[in-house]
Q: 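Got a structure for you, questions after.
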Amino acid sequence: MNYYISFVDSFSRYTWILLLKSKSDAKNAVIHFIRQAENLTNQKLKTIQTDGGSEFKTLKEFFSEKGINHRITCPHTSEQNGIVERKHRHIVDTGLTLLAHASMPLKFWPDAFTTAVFLINRMPTKVLRNKTPLEILFNSKPDYSFLKTFGCLCYPCTRPYNQHKLSFRSLPCTFLGYATSQKLSLIHISEPTRLRCI
C-alpha cells in the first residue's frame, strides 16, 4: 500500500482508515466507506467535506445520486478542513511512534497506522468531555482488557491450518494490530495479512 484515506465523523471524532494502492482507488474507497458507515450507524450520510483533490471530482455523480452534499474547501486553506488535518497528524505521529517503539521498519506503516486509528478511537479526549469516539458514536464503552503491545511476540493458534497432525500448533509471530470488525477482538489467523511471522 502506498496511500491511505481517512474519514472523520465531525460529531464523535470517530475515525476510519482505508489503505490504497494508488490515488485512483480513492473513488472506490469513498463509495465503500459510505456504504459501510451507513450500515454501521443506521444513518444516512448527509454531508461530506473534502479538499479539492482531483480524486474526489469523479464522485460528483455518486454524491448527487445519494443526496449527499459535497463541500469542498477553498484552495490553500487547510484550516477549513482542520478536524481532518489534525486527525491526519495524530494518526501519523501515533503510527510512527508505534513503529519506533517496536523497532520495526517503515514498510510496516500500514499496520502501524491502522492500529493507531484503532487505539485513537478508544482514547478519551477533552474534545468529547473525556469520552472516547467509540463511546460517543456507538454508545459502547471500550474494552481495554485485550490490548497488546504493538510489535510484541505472539503465538497464534495455527492448528486448523496445519497440513500434518505433527506440525507445530503455533509459530512465533509479531503482533501488528487488531481485527477491523466492530466486534472487538484480537487478530484472527483468518486474516493472515495482519500477522507477519518472524
Q: Within the distance-only criterion (no hydrogens, no angle test), does the side chain of R89 pair as donor or acceptor with the backbone N or O of E85 below 3.5 angstrom?
A: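 No; zero donor-acceptor contacts below 3.5 Å.
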Q: Is there a continuous path of hydrophobic side-chain contacts, each under 4.5 Å between heavy atoms, that joins Y3 to F7?
A: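 Yes; F7 is reachable from Y3 via cluster members.
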Q: Kindly compute the distance separating CG (D111) from OH (Y178), expressed to the nearest 0.5 Å.
A: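 OH of Y178 is found 12.5 Å from CG of D111.
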Q: Does the distance from a Lys or Arg side-chain N to an Asp or Glu carboxylate O, for K66 and E38, drop under 4.0 Å?
A: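 Looking at K66 and E38, the cut-off is met.
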Q: Ion pair present between D9 and R13, side-chain N to carboxylate O less than 4.0 angstrom?
A: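 Salt bridge flag = no for R13 with D9.
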Q: Tell me whether Y144 at atom OH has more than 12 heavy atoms from other residues, nucleotides or ligands lying less than 6.0 Å away.
A: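 Yes, enclosed.
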Q: Check for me, please, whether I34 and I72 land in the same ILVMFWY cluster - side-chain distances under 4.5 Å, paths through other members count.
A: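 No, I34 and I72 fall in different hydrophobic clusters.
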Q: Against the six-membered ring of Y161, is R159 placed for a cation-pi contact (under 6.0 Å from the centre, within 45° of the normal)?
A: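 Output no; distance or angle outside limits.
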Q: Are any non-hydrogen side-chain atoms of W16 and L40 less than 4.5 angstrom apart?
A: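 Counting from C-beta outward, W16 and L40 do come under 4.5 Å.
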Q: For S6 and I91, which heavy atoms make the closest approach, and how far apart are they?
A: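 It is CB-CD1, 4.2 Å.
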Q: Could you tell me the separation between the OG atom of S12 and the CG atom of L137, rounded to the nearest 0.5 Å?
A: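 Here the rounded value is 4.0 Å.
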Q: Contact between L128 and T125 at the side-chain level, heavy atoms closer than 4.5 Å - yes or no?
A: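 Yes, their side chains come closer than 4.5 Å.
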Q: A side-chain contact here means heavy atoms from C-beta on lying under 4.5 Å apart; do F150 and L99 qualify?
A: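 Answer yes - side chains close enough.
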Q: Output all residues satisfying ring-ring contact (aromatic ring centres under 6.0 Å, His included) with Y4, sequence neighbours left out; order by chain, then residue number.
A: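 ring-ring contact (aromatic ring centres under 6.0 Å, His included) list for Y4, sorted by chain: H88, F113.
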Q: Can you name the closest pair of heavy atoms from A116 and G95 and give their distance?
A: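 Heavy atoms of A116 and G95 come nearest at CB-N, 3.8 Å.
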Q: Can you give me the closest heavy-atom contact between I5 and A29, atom names plus distance?
A: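 Shortest heavy-atom contact: CG2-CB, 4.1 Å.
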Q: Do L106 and L96 have side chains that approach each other closer than 4.5 Å (heavy atoms only, starting at C-beta)?
A: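 With C-beta onward as the side chain, the pair touches.
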Q: Are F108 and L176 packed together at the side-chain level, in the sense that at least one heavy-atom pair is separated by less than 4.5 angstrom?
A: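 They are in side-chain contact.
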Q: Side-chain atoms of residues 49-56: list all donor-acceptor pairs with protein atoms under 3.5 Å, sequence neighbours left out, distances to 0.1 Å.
A:
{"residue": "Q49", "atom": "OE1", "partner": "R71", "partner atom": "NE", "Å": "3.4"}
{"residue": "Q49", "atom": "OE1", "partner": "R71", "partner atom": "NH2", "Å": "3.2"}
{"residue": "Q49", "atom": "NE2", "partner": "Q80", "partner atom": "O", "Å": "2.8"}
{"residue": "Q49", "atom": "NE2", "partner": "N81", "partner atom": "OD1", "Å": "3.4"}
{"residue": "T50", "atom": "OG1", "partner": "H70", "partner atom": "NE2", "Å": "2.7"}
{"residue": "D51", "atom": "OD1", "partner": "G53", "partner atom": "N", "Å": "3.1"}

Q: Drop me the distance from T132's OG1 to L119's CG, to the nearest 0.5 angstrom.
A: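 With rounding to 0.5 Å, OG1 (T132) is 12.0 Å from CG (L119).
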Q: Let me confirm one number: the CG-CG distance from N2 to L20, rounded to the nearest 0.5 Å.
A: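 N2 atom CG to L20 atom CG measures 9.5 Å (nearest 0.5 Å).
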Q: Say you draw a straight line from CD of Q163 to OG of S167; how long is it, rounded to the nearest 0.5 Å?
A: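 Answer for the CD-OG pair, Q163 versus S167, is 7.5 Å.
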Q: May I have the step-by-step check of side chain to side chain contact (heavy atoms under 4.5 Å, CB included) for W109 and L19, ending in yes or no?
A: CA-CA 11 Å; W109 74 264; L19 303 172; 4.1 Å; yes
Q: Among V117, T15, V92, which one satisfies side chain to side chain contact (heavy atoms under 4.5 Å, CB included) with K87?
A: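 That would be T15.
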Q: Rounded to the nearest 0.5 Å, how far does CG of L134 lie from CE of M123?
A: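 Taking CE in M123 and CG in L134, the distance rounds to 12.5 Å.
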Q: Only one of L59, T58, L18 clears side chain to side chain contact (heavy atoms under 4.5 Å, CB included) with V30; which?
A: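 Of L59, T58, L18, side chain to side chain contact (heavy atoms under 4.5 Å, CB included) with V30 is met by L59 alone.
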Q: Under 6.0 Å between ring centres: does that hold for F138 and Y14?
A: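 Between F138 and Y14, the centre distance is under 6.0 Å.
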Q: Can you tell if the side chain of T94 reaches within under 4.5 Å of the side chain of I120, non-hydrogen atoms only?
A: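 In short, these two side chains touch, coming nearer than 4.5 Å.
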Q: Determine, using the 4.5 Å side-chain heavy-atom cutoff (strictly less than), whether F118 and I136 are members of one ILVMFWY cluster.
A: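 They do not share one cluster, since no chain of ILVMFWY contacts under 4.5 Å joins F118 to I136.
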Q: Before you tell me yes or no, could you show the steps for I31 and F62 under side chain to side chain contact (heavy atoms under 4.5 Å, CB included), namely the whole-Å CA-CA distance, both residues' side-chain angles and the distance that decides it to 0.1 Å?
A: CA-CA 8 Å; I31 292 169; F62 173 76; 3.9 Å; yes
Q: Is there a side-chain contact between N69 and I48 in this structure, where contact means two heavy atoms from C-beta onward sitting under 4.5 Å apart?
A: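 Not in contact.
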Q: Using modelled atom types and a 3.5 Å cut-off, is there a donor and acceptor pairing between side-chain atoms of D93 and backbone atoms of H90?
A: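 Not confirmed, D93 side chain does not pair with H90 backbone.
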Q: State plainly whether one hydrophobic cluster holds both V84 and F63, where clusters connect Ile, Leu, Val, Met, Phe, Trp and Tyr through side-chain heavy atoms under 4.5 angstrom apart.
A: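 In one cluster: no.
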Q: State, to 0.1 Å, how close G151 and M104 come at their nearest heavy-atom pair, and which atoms those are.
A: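 Answer, listing the atom of G151 first, then M104: CA-SD, 4.0 Å.
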Q: Show your reasoning for whether side chain to side chain contact (heavy atoms under 4.5 Å, CB included) applies to T174 and L153.
A: CA-CA 5 Å; T174 301; L153 182 64; 6.0 Å; no
Q: Find out if a path of hydrophobic residues (ILVMFWY) with successive side-chain heavy-atom gaps under 4.5 Å connects V127 to I83.
A: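 V127 and I83: separate clusters.
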Q: Does C154 form a side chain to side chain contact (heavy atoms under 4.5 Å, CB included) with C173? I'd like the steps, not just the answer.
A: CA-CA 5 Å; C154 64; C173 293; 4.0 Å; yes
Q: Got T158 and F168 here, is their nearest side-chain heavy-atom distance under 4.5 Å?
A: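 T158 does not reach F168 side chain to side chain.
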Q: Please say whether more than 12 non-hydrogen atoms of neighbouring residues, nucleotides or ligands are located less than 6.0 Å from CD in E79.
A: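 Result for CD/E79: enclosed.
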Q: In this structure, are over 12 heavy atoms from other groups packed under 6.0 Å from N130 atom CG?
A: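 More than 12 heavy atoms, drawn from other residues, nucleotides or ligands, come within 6.0 Å of this atom.
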